[in-house]
Amino acid sequence: VKSVVLLSGGMDSALCLALEVQAHGAAEVCALGIHYGARHNGRELEAARAVARFYEVEFVGPWSLGFIAHTWRGSLVNETGSLSGPDTVVPYRNAVLLSLAVGYAASVGASRVVIGCNADDAETYPDCREVFLRAADLAALVGTEGRVGVYFPLVGLIKRQIAIRGAELGVPWGLTYSCYAGDVEPCGVCGACYERNRAFAGEQLAAESRGRLVQLTGVSEREEAHG
Ligand SMILES: [Zn+2]
């Protein structure tokens, strides 16, 4: 295996997986699922497995970091706080996930670790910003004597561009899951639902992403709920 994709079950990592499979072939790619104790991780990881199955890549995990729940700050890993904005930050989460993925990649001889951070994430999450990801890449390269690098192909794209690119590539958006609340039906109002609905608003993209996994409400309604 050449490439380890951190696959959450959401849109961004699904597009990363599609890009890696396109570039290297399914046999050279594996998907790594990590449960970091967030309330939506269970359902997300079910989606991740489905996406991995769709692309016929090996699914590694899910590895459980359940101890993060209730001991770290952040509304995703506690039952309190808002499910949008700064409350949803799980401090340094991507450094933790990337460290595990890089260690695993080095141990199985893979040279690439891929993470789906995008330009919208960068506003809220410091560990999704390009400067952090470059530092993580440097740390991986130094810490593995140049054997493993960190790749972040979506860092310049906003969610809308990801939705469009994925639709062009035939990414099975209906298999992905994005809601922070973690219920079967997406809540429609959390930060993740807001971003997803905004990405798919209008056009035929909405129809392609529907199914049980996306809840389409009116744009004005969403803006109100978010603001
Ligand atoms: Zn939601």
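Just so it is clear, the structure is predicted and the values come from calculations on it, not from any experiment.
Exactly one of Thr71, Val90, Asn41 qualifies for a side chain to side chain contact (heavy atoms under 4.5 Å, CB included) with Val77. That residue is Val90.
Residues Phe59 and Gly33 approach most closely at CZ-CA, 3.9 Å, considering heavy atoms. Residues Arg129 and Ala122 approach most closely at NE-O, 2.8 Å, considering heavy atoms. Taking every heavy atom of both residues into account, Gly9 and Ala47 meet most closely at O-CB, 3.7 Å. Considering every non-hydrogen atom in both Cys30 and Val1, the closest pair reads N-CG1, 3.9 Å. Of all heavy-atom pairs spanning Ala181 and Cys187, the tightest one is CB-CB, 4.2 Å.
Every salt bridge (Lys or Arg N to Asp or Glu O under 4.0 Å) that Glu130 has, sequence neighbours left out, goes to Arg134. Scored by the side chain to side chain contact (heavy atoms under 4.5 Å, CB included) test, Phe67 finds Leu65 as partners (sequence neighbours excluded). With sequence neighbours excluded, the residues satisfying side chain to side chain contact (heavy atoms under 4.5 Å, CB included) with Ser82 are Ser84, Asp87. Applying the side-chain hydrogen bond (donor to acceptor under 3.5 Å, both in side chains) criterion to Arg147, with sequence neighbours excluded, gives no partner residue.
Residues Val57 and Val4 are members of separate hydrophobic clusters, defined by side-chain heavy-atom contacts under 4.5 angstrom among Ile, Leu, Val, Met, Phe, Trp and Tyr. Taking hydrophobic clusters as Ile, Leu, Val, Met, Phe, Trp and Tyr residues chained together by side-chain heavy-atom distances below 4.5 Å, Leu7 does not share a cluster with Phe152. Leu6 and Val51 fall into different hydrophobic clusters, defined by Ile, Leu, Val, Met, Phe, Trp and Tyr side-chain heavy atoms under 4.5 Å apart, directly or through other members. There is no path of hydrophobic side-chain contacts, each under 4.5 Å, that joins Tyr36 to Tyr177. Linking ILVMFWY side-chain heavy atoms closer than 4.5 Å, directly or via other members, places Leu175 and Leu17 in a single hydrophobic cluster.
Note that CG of Asn94 is 7.0 Å distant from CG of Leu133, once rounded to the nearest 0.5 Å. If you take CD on Gln22 and CG on Leu15, they are separated by 9.5 Å, rounding to the nearest 0.5 Å. Annotation: the span from Glu44 atom CD to Thr176 atom OG1 amounts to 9.5 Å, rounded to 0.5 Å. The NZ atom of Lys159 lies 5.5 Å from the OG atom of Ser178; values are rounded to the nearest 0.5 Å. The CG atom of Asp12 lies 8.5 Å from the SG atom of Cys128; values are rounded to the nearest 0.5 Å. To the nearest 0.5 angstrom, Ile34 atom CD1 is 5.0 Å from Leu97 atom CG.
Using a 4.5 Å heavy-atom cutoff, the side chains of Leu19 and Leu169 are in contact. Counting only heavy atoms from C-beta outward, the side chains of Leu83 and Leu76 approach each other to under 4.5 Å. In this structure, Val5 and Tyr55 have side chains that are not in contact, with every pair of non-hydrogen atoms separated by 4.5 Å or more. For the pair Phe132 and Tyr92, the minimum side-chain heavy-atom distance is below 4.5 Å. In this structure, Thr88 and Tyr125 have side chains that are in contact, with non-hydrogen atoms separated by less than 4.5 Å.
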Working for side-chain contact (heavy atoms from CB on, under 4.5 Å), residues Arg73 and Val89: CA-CA 8 Å; Arg73 200 196 72 199; Val89 172; 4.3 Å; yes
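Within the structure, ring-ring contact (aromatic ring centres under 6.0 Å, His included) contacts touching residues 93-116 (residues at least two apart or in different chains) are Trp63-Tyr104. Sorted by first and then second residue, the salt bridge (Lys or Arg N to Asp or Glu O under 4.0 Å) pairs with a member in residues 100-121 read Glu20-Arg112, Asp120-Arg198; sequence neighbours excluded.
Within a 6.0 Å sphere centred on CD of Glu168, heavy atoms belonging to other residues, nucleotides or ligands number more than 12.
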